[in-house]
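So the structure is just underneath, and the comments pick up after that.
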Amino acid sequence: MSPPPGSGGGAGTTDPTATPAGEYGATEVAETAYVSRETPTREEDDPPLAMEAMRAVQILNPSGEVTMPRPERTRVMCVANQKGGVGKTTTTVNLAVALALHGNRVLVIDLDPQGNASTGLNVPHHTGVPDVYDCLIDSVPLAEVAQGVEGIPNLWCVPATIDLAGAEIELVSVVARESRLARAIAAYPGHFDYVFIDCPPSLGLLTVNALVAAQEVLIPIQCEYYALEGLNQLINNINLVRQHLNPSLDVSTILLTMYDRRTRLADAVEQDVRNHFGDKVLQAVIPRNVRVSEAPSYGQSVMTYDPGSRGATSYFEAAQEIAERGVKESR
């Protein structure tokens, strides 16, 4: 039987293959005995089929009976972090799908020239497809470029094509260049509960447009040391935008991603972030999970690709927490 979480991995048992403690320093022995508080039992790490099926039904919500709270007004959330590879796109796609599957009307705006959010939602974004570039440069209405996401009735996506790569340069000479996206969202004729803007990994004009358009910033933070290094620069930029362009902008949500429970570093980063940002950090933490990485290659979110996986469950919990927080704050 597996030891319970945090028990130290079965201390007190004898391993015949273990090297005698005398060959190590006392400090090293203590370090090797450390086990993260997140260490799973066998049941958690490899859940029975029945438990997985139950999770899948809860997440996919085929009956439509289970709903997440809907906000009184549209919440425009910018998912930003200038460091690449921290899970911005994955977070945007999976939170949007989770909320849409549970009764919310959601729009995803792909503002990254790589177009990964469009890929993850299986929305065409090849050259020639009307995209967010047309909205920013040629003032084409968002309603004309938004596409419905197949299989998820309450979800729409404004795709990004490679044309967007030139938008940074072209926007320089455009009048009111920082607020082009904000105007496009404000002019949208329909009502959404959530608008998620997936930002590129930079602090250029595209990201500034997203920050000016949004009311809230969601920052995914990878549980690695380097992820903390650039955070001050991002916060400084957000403060500059708040002072000069968008006084209502608020860093409302921090989400810890790629949490590897086998390492002490992940615990240390989590504690640092929670100590610094307090209640802004979601209780839900996204673990490293191969299903999350596999899903985009099938043009799906992990919510639909493997709804019983730990990755899907974690994103579902994060979406639920975001929805509940939004309702509390509006009261």
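When all heavy atoms of Q233 and L203 are compared, the pair lying nearest together is NE2-CD1, 3.8 Å. Here the shortest heavy-atom pairing between P200 and P113 reads CB-CD, 4.1 Å. The two residues P69 and N104 make their nearest non-hydrogen contact at O-OD1, 3.7 Å. Shortest non-hydrogen contact noted between V76 and A213 is CG1-O, 3.6 Å. The minimum heavy-atom distance linking Q147 with P159 is given by the pair NE2-CG, 3.5 Å. Heavy atoms only, all atoms of each residue included: A80 and V217 are closest at CB-CG1, 4.4 Å.
Shown are T207, D112, N81; of these, the side chain to side chain contact (heavy atoms under 4.5 Å, CB included) with P201 is made only by D112. Between D134 and the options I137, D138, V132, L136, a side chain to side chain contact (heavy atoms under 4.5 Å, CB included) holds for only D138.
There is no path of hydrophobic side-chain contacts, each under 4.5 Å, that joins V149 to Y188. Grouping the Ile, Leu, Val, Met, Phe, Trp and Tyr side chains by contacts below 4.5 angstrom, directly or via other members, places V302 with I59. Taken together through direct or relayed side-chain contacts under 4.5 Å among Ile, Leu, Val, Met, Phe, Trp and Tyr, L95 and V123 form part of one hydrophobic cluster. In the hydrophobic clustering of this structure, L164 groups with W156; members are Ile, Leu, Val, Met, Phe, Trp, Tyr whose side-chain heavy atoms approach within less than 4.5 Å, directly or through other members. Clustering ILVMFWY residues whenever any of their side-chain heavy atoms sit less than 4.5 angstrom apart, transitively, puts I322 in the very cluster that holds M303.
A distance of 11.5 Å separates CD of E270 from CG of L265, quoted to the nearest 0.5 Å. To the nearest 0.5 Å, the span separating CG on L155 from CG on L99 amounts to 9.5 Å. To the nearest 0.5 angstrom, T253 atom OG1 is 11.5 Å from D279 atom CG. Between L121 atom CG and C157 atom SG the span is 5.0 Å, to the nearest 0.5 Å. In this structure, OG1 in T67 is found 12.5 Å from CG in L101, a value given to the nearest 0.5 Å. Here the CG-OG distance, from N209 to S179, works out to 7.0 Å after rounding to the nearest 0.5 Å.
E224 has a carboxylate O that lies under 4.0 Å from a charged side-chain N of R288, or vice versa, which qualifies the two as a salt bridge.
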What verdict does the side-chain contact (heavy atoms from CB on, under 4.5 Å) test give for N239 and L249, after you've listed the backbone C-alpha separation in whole Å, the side-chain angles of each residue and the deciding distance to 0.1 Å? CA-CA 9 Å; N239 288 335; L249 186 64; over 6 Å; no

side-chain contact (heavy atoms from CB on, under 4.5 Å) for V212 and L181? Distances and angles first, verdict last. CA-CA 8 Å; V212 172; L181 185 60; over 6 Å; no

Please test I152 against V106 for side-chain contact (heavy atoms from CB on, under 4.5 Å), starting from the C-alpha separation and ending with a verdict. CA-CA 10 Å; I152 304 174; V106 185; over 6 Å; no

Check against side-chain hydrogen bond (donor to acceptor under 3.5 Å, both in side chains), T91 and Y315: CA-CA 8 Å; T91 295; Y315 271 116; 3.1 Å; yes

Could you walk me through whether H102 and F316 satisfy the side-chain contact (heavy atoms from CB on, under 4.5 Å) test, starting with their C-alpha distance in whole Å, then the side-chain angles of each, then the deciding distance to 0.1 Å, before giving a yes or no? CA-CA 10 Å; H102 292 81; F316 169 77; 3.4 Å; yes

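A side-chain donor-acceptor contact under 3.5 Å links H125 and T119. Side-chain contact check for R180 and S139: at least one donor-acceptor pair (N or O, by modelled atom type) lies under 3.5 Å.
Taking the centre and axis of the six-membered ring of Y194, the NZ or CZ atom of R75 falls outside the cone set by 45° and 6.0 Å.
Put simply, the side chain of T313 gets close to the backbone of S309: a donor and an acceptor are under 3.5 Å apart. No donor-acceptor pair under 3.5 Å is formed between the side chain of N246 and the backbone N or O of R242. Checked by atom type and distance alone, the side chain of S301 never pairs as donor or acceptor with a backbone atom of V93 at under 3.5 Å. Side-chain N or O atoms of E321 include one that pairs as donor or acceptor with a backbone N or O of Q283 at under 3.5 Å. Looking at K88, its side chain does come within 3.5 Å of a backbone N or O of K83 through a donor-acceptor pair. Not a single donor-acceptor pair under 3.5 Å links the side chain of E216 to the backbone N or O of S252.
The shortest distance between side-chain heavy atoms of R274 and L256 falls below 4.5 Å. In this structure, the side chains of P287 and S314 come closer than 4.5 Å at one or more pairs of heavy atoms. A heavy-atom distance below 4.5 Å is not found between the side chains of I109 and F196. No side-chain heavy atom of D272 sits under 4.5 Å from any side-chain heavy atom of H276. Side-chain contact check for L255 versus V285: every heavy-atom pair is 4.5 Å or farther apart. Within the 4.5 Å cutoff, no side-chain heavy atoms of N237 are placed close to those of I235. In this structure the side chain of E324 never reaches within 4.5 angstrom of the side chain of M68, judged on heavy atoms. Using a 4.5 Å heavy-atom threshold, the side chains of C135 and V145 count as touching.
Shown here are the side chain to side chain contact (heavy atoms under 4.5 Å, CB included) partners of K280, two or more places apart in sequence or in another chain: D250, I254, F277.
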What donor-acceptor contacts under 3.5 angstrom involve side-chain atoms of residues 166-173, with partners at least two apart or in another chain?
residue	atom	partner	partner atom	Å
E168	OE1	L205	N	2.7
E170	OE1	Y133	OH	2.7
E170	OE2	Y133	OH	2.9

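A 6.0 Å sphere centred on CG of N275 holds more than 12 heavy atoms belonging to other residues, nucleotides or ligands.
Listed by first and then second residue, the salt bridge (charged side-chain N to carboxylate O under 4.0 Å, His left out) pairs that reach into residues 188-210 are R70-D193, sequence neighbours excluded.
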